[in-house]
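Notes for the one structure printed next.
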Amino acid sequence: METNRIVSFSYIRAIACITIIVLHTVFSAILIYGNQISMQANIISRIIVNNCMWAVPCFVMVTGALLLNPQKEIPIEKIFKKYIFRILMALILFTFIFQIFDVIMNKESLSISVLIVWMQKLFTATSWSHLWYLYLLIGLYLLLPFYRMIVKGSSEKEMTYLLIVYILFLSLLPLLNTTTWKTGFYIHESTIYPFYLFAGYYLLNRKNLKLYTIGLILSTICIGCLTYIRWMYAIEWLENLWTYSSILVIIQSICFYGMMISMKPVMNKVLLSIDTYSFGIYLIHMVGVRLILRYWNFNPYIHMPMVSFIGIIIGILAGSYGVIRILHCIPQVKKII
């Protein structure tokens, strides 16, 4: 049973990793070539992007399932030495790599100012946008001892209450801010991400494949239909329905996660291998996205868009996988990625 659960976590991370590549590829294509495409192509692209938002929450949910287990001893020293140190080193290394990449591709001169700009971007989180996830992880890890205390000291009823409060105050009530019915009630919590951390642990033994499958299908359809309405009728406030705190994204994330842990996984070496290198793939895949779409000026919308996008995504995944697998041969780098 434990083996099945761990395999399920690997499949969740691997599929989420692939989904993030799809998300960033299609979204980047919209940003670069969006003014050259038809409304139909824009809507289809937006539907794909908005239905990929569950991927990061599922990463966080797996983290919660693994690290909030009260039976697992995780002292503060281990949190800093093993978890925070690794993420911090990855952040330092890749913000520097990306800064040098930008300088080279933009044909700028190397000087001391490059280091100054790099350090500024590192501190202010203004390097490549996908690195925001590393800052998120550091924040979650810093408070992990207290999250673990909550789990260890809470009954099932209290955990259910906590998740309901998170959904109510960080997902549903904020929607009122887009109307004239703004609420003055709030809780002293800044982001939705601890919810996903707790939810990952909470759902471990709540298996209901049929319910999760129906929920995933319905939430996906809802996001698709609302995306169509948003762009056909220019209703901007609907953008709030596919943020990470959106109730639809929450349902979609929970249902995909629950569906995966409810199934008895069949061993798939490809997904297991992708999971092994998923963190590194996440870090480096944006190099491929930028090279192909921005610097090589490849517009996937011009000829056979579906074939073009699938080819780009597979190429980026394969290239990122190959690079990270090679880098794993270097012991010092392997510890980071």
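Considering CH2 of W128 and CZ of F101, their distance stands at 4.5 Å, rounded to 0.5 Å. I100 contributes atom CD1, which lies 5.5 Å from atom CG of L110 (distance to the nearest 0.5 angstrom). Here the CD1 atom belonging to I250 is positioned 7.5 Å from the CG atom belonging to L172, to the nearest 0.5 angstrom.
Residue pairs satisfying the salt bridge (Lys or Arg N to Asp or Glu O under 4.0 Å) criterion with at least one member in residues 290-317, sequence neighbours excluded, are listed as follows: D102-R290. For residues 11-32, the set of pairs meeting the ring pair (Phe, Tyr, Trp, His ring centres under 6.0 Å) definition, not counting sequence neighbours, comprises H24-H285. Sorted by first then second residue, the side-chain hydrogen bond (donor to acceptor under 3.5 Å, both in side chains) pairs that include residues 328-337, not counting sequence neighbours, number zero. Residue pairs meeting the salt bridge (Lys or Arg N to Asp or Glu O under 4.0 Å) criterion with at least one partner in residues 306-323, sequence neighbours excluded, do not occur; the list is empty.
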Taking distance alone, no hydrogens or angles, what donor-acceptor pairs closer than 3.5 Å link side-chain atoms of residues 306-314 to residues at least two apart or in another chain?
{"unit_1": "S308", "atom_1": "OG", "unit_2": "H303", "atom_2": "O", "d": "2.9"}
{"unit_1": "S308", "atom_1": "OG", "unit_2": "M304", "atom_2": "O", "d": "3.1"}

Side-chain polar contacts of residues 112-124 - donor-acceptor pairs under 3.5 angstrom, sequence neighbours left out - could you list them?
{"unit_1": "S113", "atom_1": "OG", "unit_2": "S111", "atom_2": "OG", "d": "2.7"}
{"unit_1": "W118", "atom_1": "NE1", "unit_2": "T95", "atom_2": "OG1", "d": "2.9"}
{"unit_1": "K121", "atom_1": "NZ", "unit_2": "Q99", "atom_2": "OE1", "d": "3.2"}
{"unit_1": "T124", "atom_1": "OG1", "unit_2": "Q120", "atom_2": "O", "d": "2.6"}
{"unit_1": "T124", "atom_1": "OG1", "unit_2": "T126", "atom_2": "OG1", "d": "2.8"}

Only pairs under 3.5 Å count here: list side-chain donor-acceptor contacts from residues 65-91, not counting sequence neighbours, and write none if there are none.
{"unit_1": "N69", "atom_1": "OD1", "unit_2": "Q71", "atom_2": "N", "d": "3.0"}
{"unit_1": "R86", "atom_1": "NE", "unit_2": "I336", "atom_2": "O", "d": "2.9"}

Listed pairs under 3.5 Å, donor-acceptor, residues 267-275 side chains, sequence neighbours left out:
{"unit_1": "N268", "atom_1": "OD1", "unit_2": "V270", "atom_2": "N", "d": "3.0"}
{"unit_1": "N268", "atom_1": "OD1", "unit_2": "L271", "atom_2": "N", "d": "3.1"}
{"unit_1": "S273", "atom_1": "OG", "unit_2": "Y321", "atom_2": "OH", "d": "2.4"}
{"unit_1": "D275", "atom_1": "OD1", "unit_2": "R13", "atom_2": "NE", "d": "2.6"}
{"unit_1": "D275", "atom_1": "OD2", "unit_2": "S10", "atom_2": "OG", "d": "2.9"}
{"unit_1": "D275", "atom_1": "OD2", "unit_2": "R13", "atom_2": "NH2", "d": "3.1"}

Which atom pairs, one a donor and one an acceptor, fall under 3.5 Å between side chains of residues 213-232 and the rest of the protein, sequence neighbours left out?
{"unit_1": "T213", "atom_1": "OG1", "unit_2": "L209", "atom_2": "O", "d": "2.6"}
{"unit_1": "S219", "atom_1": "OG", "unit_2": "G215", "atom_2": "O", "d": "2.8"}
{"unit_1": "S219", "atom_1": "OG", "unit_2": "L216", "atom_2": "O", "d": "3.1"}
{"unit_1": "T220", "atom_1": "OG1", "unit_2": "L216", "atom_2": "O", "d": "2.7"}
{"unit_1": "T220", "atom_1": "OG1", "unit_2": "Q252", "atom_2": "NE2", "d": "3.0"}
{"unit_1": "T227", "atom_1": "OG1", "unit_2": "N50", "atom_2": "ND2", "d": "3.0"}
{"unit_1": "T227", "atom_1": "OG1", "unit_2": "I223", "atom_2": "O", "d": "2.6"}
{"unit_1": "R230", "atom_1": "NE", "unit_2": "E239", "atom_2": "OE2", "d": "2.5"}

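Taking M149 as the reference, F146 meet the side-chain contact (heavy atoms from CB on, under 4.5 Å) condition, with sequence neighbours excluded. Judged as a salt bridge (charged side-chain N to carboxylate O under 4.0 Å, His left out), and not counting sequence neighbours, the contacts of E156 are R206. Remark: L173 engages L168, F169, L176, T183 in a side-chain contact (heavy atoms from CB on, under 4.5 Å) (not counting sequence neighbours).
Using cut-offs of 30° and 60° for the angle between ring planes, the W132 and Y193 rings count as tilted. The aromatic rings of Y147 and F198 stand perpendicular to each other, their planes meeting at an angle above 60°, with 30° marking the opposite boundary.
Side-chain contact check for T160 and Y202: at least one donor-acceptor pair (N or O, by modelled atom type) lies under 3.5 Å.
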